[in-house]
Enquirer: 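Below is one structure. I have some questions about it.
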Amino acid sequence: MSIQGTCAPQFAEVRTEFERNFAERGEVGASVHVTLDGEPVVDLWGGVADPATGRLWSEETIVHVWSCTKAATALCAHILASRGELDLNAPVVKYWPEYGANGKDATLVRHVLSHQAGLPAVTTPLPAGAFYDWDMITSTLAAQQPLWEPGTRHGYHGLTFGFLVGEIVRRVTGLSLGGFFEKEVSGPLGLDFWMGLPEDLEPHVAHTIPVDPTQPGILLPSLFITALTKPESVPGLMLLNNGGYMAPGESDSRQAHTAEMGAIGGISNARGLAGLYRPLALHGAYNGVRLVEEHQIPQMSNVAVAGLDEVVLVPTRFALGFQKATDNTHLQPNDREGLLISEEAFGHNGMGGSLGFADPGARISFGYAMNRQGPGLGVNERGQSLVDAVYRTLGYRQTGGGTWFR
């Protein structure tokens with residue numbers, strides 16, 4: 001497999017593991033990017049973007065990065081908080097009055113960012129294409145009774161997070177979520193990262209290769225098993241009541257790509273993911289672009305909730321909008337994937353294995369994007385092997401095979 005791009009000699013192990021992903025771990029097409037002290041030290045890509053046509057993965061290839069998008073959305077909220085325009089400890093109704101219906105008047109902005117809002121799904125049946133109608137979804141969420149008392153538990157708001165946080169951003173700024181992100185983040189930083197993909201970039205997209213659950217050896221996480229066997233459960237409502245968005249192939253439709261979905265709809269690549277986090281690894285600013293003041297970084301990196309997740313049914317740890325290191329390697333094989341980074345790091349993975357994060361202690365940012373999904377909910381062996389190689393290169397050690405420290 002021909003690997004393109006550059007890799008500093010110090011980080012040769014990352015290139016080795018990237019090559020092994022193709023040779024031994026079933027990678028089809030992918031990119032990986034790492035910055036250290038703001039400078040790129042790894043910028044690699046390779047493989048096939050479209051197996052049907054043989055189109056190769058190029059420097060310009062972009063792909064659906066799923067829940068990596070949540071970090072971009074959370075960043076928009078933190079930008080506003082850093083400027084004093086959004087109080088993370090205020091009730092949501094301060095900015096979105098309609099949200100107070102059905103016992104949600106005391107829900108705080110921080111509850112939404114930390115997956116404590118009790119709205120990982122809605123009980124009202126959603127029509128086909130509902131996720132492409134922003135006003136319909138946000139009004140449905142505003143009217144929905146929470147599925148648990150906000151602030152008392154946490155459960156991954158896998159598909160609703162972007163609408164909830166995004167509507168707060170829209171109410172504060174008057175701009176759509178994607179519009180604000182482009183104006184304040186992706187535009188100034190020059191990132192290949194979109195929430196609402198322009199049509200002229202569609203030919204550059206590598207479509208997702210989903211997991212075939214009928215293949216031998218595929219282990220489905222408890223979330224998917226519960227959703228399929230108990231459709232009335234919270235996991236079932238999340239995965240089955242979304243207007244058809246989770247149907248095979250739908251997420252790669254032009255209609256899906258053009259929609260602004262801040263939980264799951266981002267289109268990017270490894271360079272875009274690492275570029276998003278580069279300022280956050282450097283006290284909030286890079287190359288003259290300040291995203292947040294330095295005092296905002298602890299709000300983005302400190303653990304806000306931890307423990308058994310009401311939705312994904314395994315332990316998770318979140319800051320305000322970002323994932324934290326989570327070692328689930330002790331669980332049964334279908335639920336073992338987590339996020340093995342350092343305790344100072346914060347980021348977000350996407351369904352199937354994509355990942356971006358910042359580590360201010362190591363002064364690195366990292367991005368990995370691919371088209372062939374793994375079956376788990378966390379970072380699988382392909383992405384984790386790259387993360388591990390970065391940390392080993394920097395002299396970090398692991399805690400019994402888990403998270404990294406020095």
Side-chain angles (χ1 to χ4, degrees), residues 8 10-11 32-43 68-89 109-110 113-114 165 169 172-173 180-193 266 268 270-304 317-325 339 341-349 355-368 387 390-391 393-396 403-406:
Q10 177 189 2
F11 287 85
V32 60
H33 192 95
V34 182
T35 72
L36 173 63
D37 288 319
E39 297 302 315
V41 290
V42 178
D43 184 28
C68 291
T69 318
K70 290 182 175 69
T73 297
L75 174 57
C76 292
H78 283 282
I79 288 172
L80 295 174
S82 179
R83 296 174 181 174
E85 298 175 39
L86 176 64
D87 182 353
L88 302 183
N89 294 316
V109 175
R110 68 183 298 112
L113 283 165
S114 57
V165 179
V169 170
V172 172
T173 67
F180 181 81
F181 178 72
E182 182 177 5
K183 177 176 180 288
E184 300 292 343
V185 182
S186 62
L189 292 175
L191 303 182
D192 292 335
F193 199 133
S268 188
R271 191 180 302 113
L273 289 170
L276 178 76
Y277 288 98
R278 176 158 46 184
L280 306 180
L282 303 173
H283 309 295
Y286 170 73
N287 199 26
V289 178
R290 176 160 292 282
L291 296 182
V292 296
E293 297 297 329
E294 186 173 356
H295 64 72
Q296 195 66 30
I297 300 296
Q299 293 265 34
M300 308 170 80
S301 62
N302 290 348
V303 175
R317 300 170 78 232
F318 290 99
L320 295 182
F322 298 91
Q323 290 175 320
K324 294 290 291 181
L339 178 58
I341 52 180
S342 85
E343 191 57 37
E344 292 180 90
F346 59 98
H348 219 293
N349 73 274
L355 174 65
F357 70 88
D359 190 327
R363 295 179 65 82
I364 61 168
S365 71
F366 176 95
Y368 164 69
V387 173
V390 171
Y391 276 117
T393 297
L394 296 173
Y396 279 66
T403 56
W404 289 92
F405 73 100
R406 63 178 175 183

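Reckoned from all heavy atoms, side chains included, excluding hydrogens, waters and symmetry mates. Residue numbers run from 1 in the order of the sequence given. Computed from a predicted structure; not experimentally measured.
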Enquirer: Measure the CG-NZ distance between L113 and K70 for me, rounded to the nearest 0.5 Å.
Expert: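 These two atoms lie 12.5 Å from each other.
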Enquirer: What pair of heavy atoms forms the shortest contact from H348 to G321, and how long is it?
Expert: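 Shortest heavy-atom separation between H348 and G321 comes out as CD2-O, 3.9 Å.
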Enquirer: What residue among L339, V387, L273 forms side-chain contact (heavy atoms from CB on, under 4.5 Å) with F357?
Expert: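 Considering L339, V387, L273, a side-chain contact (heavy atoms from CB on, under 4.5 Å) with F357 is found only for V387.
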Enquirer: Do any N or O atoms from the side chain of Y391 and from the backbone of S342 form a donor-acceptor pair under 3.5 angstrom?
Expert: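 Yes; judged by distance alone, with no hydrogens or angles, the pair exists.
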Enquirer: Using modelled atom types and a 3.5 Å cut-off, is there a donor and acceptor pairing between side-chain atoms of R317 and backbone atoms of A325?
Expert: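 Such a contact is found between R317 side chain and A325 backbone.
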Enquirer: Run the salt bridge (charged side-chain N to carboxylate O under 4.0 Å, His left out) test against R406 and tell me which residues pass, sequence neighbours left out.
Expert: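 So R406 forms no salt bridge (charged side-chain N to carboxylate O under 4.0 Å, His left out) with any residue.
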Enquirer: Without swapping roles, check the side chain of H78 against the backbone of L291 for a donor-acceptor pair under 3.5 Å.
Expert: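 A pair under 3.5 Å: no.
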Enquirer: Provide the closest heavy-atom pair for S268 versus G272 in the form atom of the first, atom of the second, distance.
Expert: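 Minimum heavy-atom contact is OG-CA, 3.4 Å.
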Enquirer: Quick one: pull up OG1 in T73 and CZ in F181 and give me the separation to the nearest 0.5 Å.
Expert: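 The CZ atom of F181 is 8.0 Å from OG1 of T73, to the nearest 0.5 Å.
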Enquirer: If you apply the rule side chain to side chain contact (heavy atoms under 4.5 Å, CB included), what do you find for V292 with L280, and how did you get there?
Expert: CA-CA 8 Å; V292 296; L280 306 180; 4.1 Å; yes
Enquirer: At their closest point, which heavy atom of A358 faces which heavy atom of Y277, and how far apart are they?
Expert: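 Nearest pair, atom of A358 first, then Y277: N-CD2, 3.4 Å.
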Enquirer: Between W404 and Y396, does the ring centre distance come in under 6.0 Å?
Expert: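 No, too far apart.
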Enquirer: Once rounded to the nearest 0.5 Å, what's the spacing between atom CD1 of I79 and atom CG of L86?
Expert: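 One gets 11.5 Å once the value is rounded to the nearest 0.5 Å.
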Enquirer: Could you check whether any side-chain heavy atom of E184 comes within less than 4.5 Å of a side-chain heavy atom of T173, counting everything from C-beta outward?
Expert: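 When only atoms from C-beta onward are counted, T173 and E184 do not touch, as no gap falls below 4.5 Å.
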Enquirer: Check whether T35 reaches the backbone of I364 with its side chain - one donor and one acceptor, N or O, closer than 3.5 Å.
Expert: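 No.
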Enquirer: Any side-chain heavy-atom pair from V109 and D87 closer than 4.5 angstrom?
Expert: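 No, every pair of side-chain atoms sits at 4.5 Å or beyond.
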Enquirer: Do E343 and T403 have side chains that approach each other closer than 4.5 Å (heavy atoms only, starting at C-beta)?
Expert: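 Heavy-atom side-chain distance check fails, nothing below 4.5 Å.
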Enquirer: Rounded to the nearest 0.5 Å, what separates atom OH in Y286 from atom CD in E39?
Expert: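 It comes to 5.0 Å.
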Enquirer: I need the L282 CG to R290 CZ distance, nearest 0.5 Å.
Expert: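 The CZ atom of R290 is 10.0 Å from CG of L282, to the nearest 0.5 Å.
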Enquirer: Side-chain contact test, heavy atoms from C-beta onward, threshold under 4.5 Å: evaluate it for L276 versus V185 and give yes or no.
Expert: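 The answer is yes; the side chains approach within 4.5 Å.
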Enquirer: Under the rule for side chain to side chain donor-acceptor pair (under 3.5 Å), what residues qualify as partners of T393, not counting sequence neighbours?
Expert: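 None.
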Enquirer: Does the side chain of Q323 reach to within under 4.5 Å of the side chain of F346, using non-hydrogen atoms?
Expert: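 The answer is no; the side chains never approach within 4.5 Å.
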Enquirer: Taking G275's backbone N and O only, do any of them form a donor-acceptor pair with S365's side chain (distance below 3.5 Å, no angle check)?
Expert: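 A pair under 3.5 Å: no.
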Enquirer: Looking at E294, Q296, H295, which one forms a side chain to side chain donor-acceptor pair (under 3.5 Å) with H283?
Expert: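 So the option named by the test is E294.
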Enquirer: Quick one, I341 and F366 - any side-chain contact, counting heavy atoms below 4.5 Å?
Expert: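 They are not in contact (no side-chain heavy atoms under 4.5 Å apart), so the answer is no.
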Enquirer: When you measure from the side chain of K324 to the backbone of S301, do you find a donor-acceptor pair of N or O atoms at a distance under 3.5 Å?
Expert: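 Yes; judged by distance alone, with no hydrogens or angles, the pair exists.
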Enquirer: Mind listing the closest non-hydrogen atom pair of V165 and A77 along with its distance?
Expert: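 In terms of heavy atoms, the two residues are closest at CG1-CB, 4.0 Å.
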Enquirer: Just wondering, do L394 and D359 contact through their side chains at under 4.5 Å, heavy atoms?
Expert: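 The answer is no, as the side chains (C-beta and beyond) never meet within the 4.5 Å cut-off.
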Enquirer: For F11, give me all partners under ring pair (Phe, Tyr, Trp, His ring centres under 6.0 Å), at least two apart in sequence or on another chain.
Expert: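 So F11 forms no ring pair (Phe, Tyr, Trp, His ring centres under 6.0 Å) with any residue.
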Enquirer: To the nearest 0.5 Å, tell me how far R278 CZ sits from R271 CZ.
Expert: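 Between atom CZ of R278 and atom CZ of R271 there are 10.0 Å.
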Enquirer: Quick one: does V42's side chain get under 4.5 Å of L36's, heavy atoms only?
Expert: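 They are not in contact (no side-chain heavy atoms under 4.5 Å apart), so the answer is no.
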